[in-house]
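Please read the structure below before turning to the comments.
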Amino acid sequence: MTDTVQFIADALETLGPKVVVTEPREIEPWVTDWRGRVHGASPAILAPASTNEVVSIVKLAAKHGVPLVPQGGNTGMAAGATPPADGSAVLLSLRRMRQVRSISADNRLAVAEAGVILADLHARAHDLGMRFPLTLGSRGSCTIGGLTSTNAGGTQVLKFGTMRALVAGVEAVLPDGNVHSGLGGLKKDNRGYNLDQLLIGAEGTLGIVTAVALRLVPAVADRAVAWAGVDSPARALDLLRFLEARTTAVEGFELVPEDSLQLVLKHIPDTRAPLAGSHCWHVLIEATTADGSHDIAAEIERLLAAALQQGLIGDAVIAANEAQAEAFWKIRDTISEAERVDGQTLAHDISVPVADMPRFLTDAAAEVERAFPGVIASGFGHLGDGNIHFHVRAASHAASDWYDREGAAITRMVDDLVTAAGGSISAEHGIGQLKRAELERLAPPGRIHALRAIKHALDPLGIMNPGKLVP
Ligand SMILES: Cc1cc2nc3c(=O)[nH]c(=O)nc-3n(C[C@H](O)[C@H](O)[C@H](O)COP(=O)(O)OP(=O)(O)OC[C@H]3O[C@@H](n4cnc5c(N)ncnc54)[C@H](O)[C@@H]3O)c2cc1C
């Protein structure tokens with residue numbers, strides 16, 4: 001018997017058939033990445049229901065030298081949860097670990113197991129008059145373990161930060177089978193290296209996250225969602241600074257080019273332009289208050305009127321009700337979907353220093369369009385975080401193999417431009433297996449050396465998600 005076969009047999013004997021799934025039909029939906037681009041294979045899915053069961057699995061994997069690929073909702077954008085195609089690794093799904101172990105408005109903390117779906121945590125916090133403020137388009141499928149392991153961002157980072165800022169502690173099974181228990185939720189703790197922070201964004205390469213202590217904030221009492229038309233990304237950033245100087249209520253500020261708006265209107269049913277006239281760029285603004293007596297809509301309306309008077313914006317409208325607010329967000333959330341329907345698109349999740357983003361966006365788009373005639377390059381998303389989804393769309397006459405033929409060269413160019421601008425080739429989606437070669441090509445040698453040294457020190461047998469993140 002090969003080590004993998006023996007490992008699965010031992011796991012089956014120790015943990016039983018509920019934990020060890022070998023039926024190919026049950027495995028098949030989980031071995032391809034969310035975008036459907038990377039196909040892997042796994043001889044089994046291990047689905048533990050407790051930290052102790054994860055410990056048993058990790059110890060057996062270490063004994064047999066079998067790599068584990070942790071997986072939550074499989075919504076990651078870098079194929080980090082996709083096993084290698086040769087079937088040499090085994091999927092470890094955390095989806096049965098879905099208890100919220102504790103949740104307290106007094107402590108402003110929830111302790112959620114790795115498999116808890118983000119939307120479920122939102123609902124649990126809401127029931128207590130509280131809120132877990134991180135949110136993103138995949139909230140109905142992604143898990144706390146996956147969000148932690150990718151250091152996910154989303155649309156409210158401007159005010160609340162990424163997972164790094166919202167995680168108060170992590171429980172994880174380390175590659176040697178020891179459990180790191182950091183769930184105490186201590187505000188201050190200076191006992192040396194911060195293992196919790198090391199595990200956040202580690203993409204499963206340093207251990208299996210089994211539970212996470214998460215910071216809560218008071219629930220939203222009211223929100224104002226507005227749409228504004230602006231001349232340029234630079235004007236959009238001016239508007240954000242204008243608002244920030246006058247209110248602390250803004251927590252979402254998303255940039256949308258006219259071209260993306262038109263694609264959504266063309267391909268997504270039940271969408272309509274929020275403003276009557278035509279504008280080169282748009283911003284979606286969300287402001288919230290936890291104070292029920294605060295008229296947030298009136299405050300934002302007053303500020304947008306002042307911005308209009310100063311010539312910062314061409315026009316603006318505030319959603320009259322929740323349905324209209326959701327309709328505004330639908331435009332933002334379906335840009336990628338509309339692009340997919342329209343044709344082939346190459347996505348880059350990049351960041352540069354915030355103040356440099358407007359110029360970067362305009363210059364990089366012009367340079368890519370010059371170098372690859374016919375393509376359309378543009379960006380949308382989290383302008384206030386200096387994070388844009390820089391997408392390059394194929395020319396309308398492009399051959400069906402455009403992505404395979406030109407994709408790598410375009411991505412190289414975008415990544416070079418981002419690096420020259422002092423930015424990051426992965427702002428929030430992680431490295432996974434899709435960006436590993438580019439990380440190795442572009443990261444300073446000191447960074448690569450440190451990544452490899454940390455990986456080797458904690459996982460000398462290389463059983464934690466090999467082939468991901470660390471070049
Ligand atoms: C429609 C849509 C919108 C999105 N919007 C955003 C966005 O705005 N911002 C953003 O940051 N991301 C976004 N994403 C990406 C994605 O939702 C996040 O990367 C999410 O954090 C992944 O969670 P998951 O549970 O699906 O993890 P998976 O995809 O299953 O795994 C992701 C990585 O984490 C590892 N992992 C998973 N669970 C564990 C664990 N318990 N222990 C150790 N390692 C683990 C995996 O091995 C893999 O490397 C979006 C995705 C979709 C589909």
Side-chain angles (χ1 to χ4, degrees), residues 32-38 73-82 118-119 134-142 146-147 150 152-157 227 233 252-274 281-284 286 326-351 357 361 364-365 368 375-385 387-396 398 400 402-404 406-407 410-411 414-415 418 425-430 432 434-435:
T32 296
D33 76 311
W34 178 271
R35 286 192 167 124
R37 294 233 169 89
V38 185
N74 197 26
T75 68
M77 293 295 188
T82 309
L118 178 59
L134 185 137
T135 191
L136 33 68
S138 56
R139 59 188 162 274
S141 308
C142 66
L147 291 162
T150 58
T155 49
Q156 325 298 113
V157 170
W227 190 279
F253 193 90
E254 297 285 305
L255 183 71
V256 178
E258 170 69 9
D259 179 53
S260 297
L261 172 63
Q262 291 306 326
L263 275 189
V264 169
L265 300 179
K266 182 172 165 194
H267 294 297
I268 307 293
D270 304 322
T271 51
R272 69 166 53 122
W281 295 83
H282 306 257
V283 283
L284 172 57
E286 177 160 299
E326 284 303 312
F328 289 2
W329 271 110
K330 183 174 174 181
I331 294 171
R332 161 63 184 90
D333 285 341
T334 54
I335 293 174
S336 295
E337 196 183 324
E339 286 178 343
R340 254 196 315 275
V341 179
D342 201 68
Q344 301 172 72
T345 300
L346 201 55
H348 306 92
D349 162 45
I350 54 121
S351 66
M357 182 52 92
L361 189 47
V368 169
V375 303
I376 298 167
S378 192
F380 63 90
H382 324 302
L383 178 67
D385 307 330
N387 171 202
I388 285 293
H389 300 304
F390 188 85
H391 288 192
V392 182
R393 288 168 30 229
S396 52
S400 58
W402 171 81
Y403 186 96
D404 295 329
E406 294 208 5
I410 295 174
T411 294
V414 173
D415 290 347
V418 168
I425 61 167
S426 179
E428 56 178 11
H429 291 163
L434 295 184
K435 294 187 179 176

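Because the structure is a prediction, the values reported are computed rather than measured.
- Residues Leu134 and Gln156 are not in side-chain contact: their nearest non-hydrogen atoms beyond the backbone lie 4.5 Å or more apart.
- Heavy atoms only, all atoms of each residue included: Gly430 and Ala78 are closest at O-CB, 3.9 Å.
- Taking each heavy atom of Ala79 and Val38 in turn, the nearest pair found is CB-CG2, 3.8 Å.
- With respect to Leu136, the side-chain contact (heavy atoms from CB on, under 4.5 Å) criterion is satisfied by exactly one of Leu118, Thr155, Thr75, Asp333: Leu118.
- Looking at Leu255 and Pro233, their side chains come closer than 4.5 Å, going by heavy atoms from C-beta outward.
- To the nearest 0.5 Å, atom CD1 of residue Ile410 and atom CG of residue Leu346 are 5.5 Å apart.
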What's the verdict on side chain to side chain contact (heavy atoms under 4.5 Å, CB included) for Val368 and Val375, showing C-alpha distance, side-chain angles and the deciding distance?
CA-CA 8 Å; Val368 169; Val375 303; 4.2 Å; yes
Steps toward side chain to side chain contact (heavy atoms under 4.5 Å, CB included) verdict (Ile335, Leu263)
CA-CA 7 Å; Ile335 293 174; Leu263 275 189; over 6 Å; no
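- A side-chain donor-acceptor contact under 3.5 Å links Gln344 to the backbone of Tyr403.
- The backbone N or O of His429 sits less than 3.5 Å from a side-chain atom of Asp349, completing a donor-acceptor pair.
- The nearest pair of heavy atoms linking Ala377 to Phe390 is CB-CZ, 4.0 Å.
- With sequence neighbours excluded, the residues forming a side chain to side chain donor-acceptor pair (under 3.5 Å) with Thr411 are His348, listed by chain and number.
- Aromatic ring centroids of His382 and Phe253 lie 6.0 Å or more apart.
- Summarising the geometry, atom CG belonging to Leu434 is positioned 8.0 Å from atom CZ belonging to Arg35; distances are rounded to the nearest 0.5 Å.
- Checked by atom type, the side-chain pair Glu254/Trp329 shows no donor-acceptor distance below 3.5 Å.
- The line from OG of Ser260 to CH2 of Trp281 is 7.5 Å long, rounded to the nearest 0.5 Å.
- Contact check on Asp259 versus Arg393 returns a salt bridge, with a Lys/Arg side-chain nitrogen under 4.0 Å from an Asp/Glu carboxylate oxygen.
- Here the closest heavy-atom approach between residue Phe328 and residue Trp227 is recorded as O-CZ3, 3.8 Å.
- Under the rule for a side-chain contact (heavy atoms from CB on, under 4.5 Å), the partners of Glu258 that lie at least two apart in sequence or sit in another chain are Leu261, Gln262, Ser278, His282.
- Listed here is the closest heavy atom pair of Ser351 and Val418: O-CG1, 3.8 Å.
- Here the CG atom belonging to Asn74 is positioned 9.5 Å from the OG atom belonging to Ser141, to the nearest 0.5 angstrom.
- Side-chain contact between His389 and Glu428: present, with at least one pair of heavy atoms (C-beta onward) separated by less than 4.5 Å.
- Of the possible polar contacts, none joining the Asp415 side chain to the Ile425 backbone as a donor-acceptor pair under 3.5 Å is found.
- Panel note: side chain Asn387, backbone Ile350; a donor-acceptor pair is recorded below 3.5 Å.
- The closest side-chain heavy-atom distance from Ser336 to Phe380 is below 4.5 Å.
- Distance check, rounded to the nearest 0.5 Å: CG of Leu361 to CG of Leu383 gives 8.0 Å.
- Here the OG1-CZ distance, from Thr334 to Arg340, works out to 10.5 Å after rounding to the nearest 0.5 Å.
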